[in-house]
Amino acid sequence: MFKVFLLIVSLVFFPVLAKSKVPSYQEMESKLKETWDAQIPVPYTKIVKKDLLGKGIVLLRGKKRRRYYLYTFLVYLPRYKEENKQPVVAGKGKILQ
């Protein structure tokens with residue numbers, strides 16, 4: 001009876017504990033903004049869609065048992081032109097994946 005109780009408790013709480021270490025899409029939005037600003041000179045306007053694959057957060061395994069989490073975002077990037085070495089919105093843009 002105790003083994004059955006232990007099995008039920010482990011099945012209920014283990015996925016909760018394992019999943020709690022993975023950042024959610026809401027937490028990754030701020031990291032996306034930081035990374036985008038550091039890597040790309042023009043800002044995106046808005047996030048159009050999250051989780052494009054419909055699979056949630058995808059776990060990828062690399063060498064030496066490293067884990068990588070794949071988040072997918074669809075962002076809207078307006079068309080820019082350069083004035084005085086600064087990007088200025090020039091018109092309609094594209095949705096980038």
Side-chain angles (χ1 to χ4, degrees):
M1 184 67 173
F2 180 74
K3 289 182 181 181
V4 173
F5 174 76
L6 192 59
L7 177 65
I8 291 172
V9 169
S10 65
L11 288 176
V12 170
F13 289 110
F14 182 73
V16 172
L17 294 174
K19 188 142 180 116
S20 66
K21 295 179 183 178
V22 180
S24 66
Y25 268 94
Q26 288 79 19
E27 295 170 340
M28 291 308 292
E29 273 186 55
S30 62
K31 294 202 187 247
L32 171 68
K33 178 78 171 141
E34 292 171 14
T35 305
W36 187 282
D37 291 341
Q39 300 292 324
I40 300 174
V42 293
Y44 63 87
T45 305
K46 64 180 177 177
I47 296 174
V48 177
K49 186 177 178 185
K50 302 175 197 172
D51 189 19
L52 300 175
L53 304 174
K55 296 181 180 181
I57 302 166
V58 179
L59 172 65
L60 302 173
R61 296 188 188 263
K63 294 180 182 177
K64 297 183 181 179
R65 296 186 182 188
R66 293 193 81 168
R67 292 181 182 182
Y68 300 97
Y69 298 101
L70 177 67
Y71 298 84
T72 54
F73 292 95
L74 192 64
V75 297
Y76 180 76
L77 185 66
R79 185 171 301 222
Y80 288 97
K81 65 180 179 179
E82 186 178 342
E83 289 183 9
N84 298 328
K85 297 186 179 183
Q86 294 294 324
V88 178
V89 176
K92 292 185 177 181
K94 289 184 177 183
I95 295 177
L96 299 178
Q97 188 172 349

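Keep in mind the model is a prediction, meaning the values are calculated, not measured. As a basis for the values below, the full set of heavy atoms in this structure was taken, side chains included, without hydrogen atoms, waters or symmetry mates.
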- Can you get from Tyr68 to Leu59 by hopping between Ile, Leu, Val, Met, Phe, Trp and Tyr side chains that sit under 4.5 Å apart? no
- Mind checking whether Leu60 and Leu53 sit in one hydrophobic cluster, side chains of I, L, V, M, F, W, Y counted as touching below 4.5 Å? yes
- Message: To the nearest 0.5 Å, what is the distance between CG on Leu77 and CH2 on Trp36?
- Response: 5.5 Å
- Note on the structure: Hits for ring pair (Phe, Tyr, Trp, His ring centres under 6.0 Å) against Tyr25, two or more places apart or cross-chain, chain-then-number order -> Tyr71, Phe73
- Note on the structure: Sorted by chain and residue number, the side chain to side chain donor-acceptor pair (under 3.5 Å) partners of Glu29 (sequence neighbours excluded) come out as Lys50
- Sub-4.5 Å side-chain heavy-atom contact between Ile47 and Leu32: yes
- So do Val58 and Tyr69 actually touch side chain to side chain, heavy atoms under 4.5 Å? no
- Note on the structure: Taken in chain and number order and not counting sequence neighbours, the residues that satisfy side chain to side chain donor-acceptor pair (under 3.5 Å) with Glu27 are none
- Query: Tell me the salt bridge (Lys or Arg N to Asp or Glu O under 4.0 Å) pairs involving residues 33-48, sequence neighbours left out?
  - Reply: Lys33-Asp37
- Message: Quick check on the hydrophobic clustering: are Tyr76 and Leu74 connected, directly or via other members, by side-chain heavy-atom contacts under 4.5 Å?
- Response: yes
- Message: Considering only residues two or more places apart or on different chains, which pairs with a residue in residues 51-72 satisfy salt bridge (Lys or Arg N to Asp or Glu O under 4.0 Å)?
- Response: none
- Query: Where is the tightest heavy-atom contact between Pro78 and Pro43, given as atom of each residue plus distance?
  - Reply: CD-O, 4.4 Å
- Message: Under the rule for side chain to side chain donor-acceptor pair (under 3.5 Å), what residues qualify as partners of Ser24, not counting sequence neighbours?
- Response: Gln26
- Query: Cluster question for you: counting only ILVMFWY and a side-chain heavy-atom cut-off of under 4.5 Å, with indirect links fine, are Val75 and Ile40 together?
  - Reply: yes
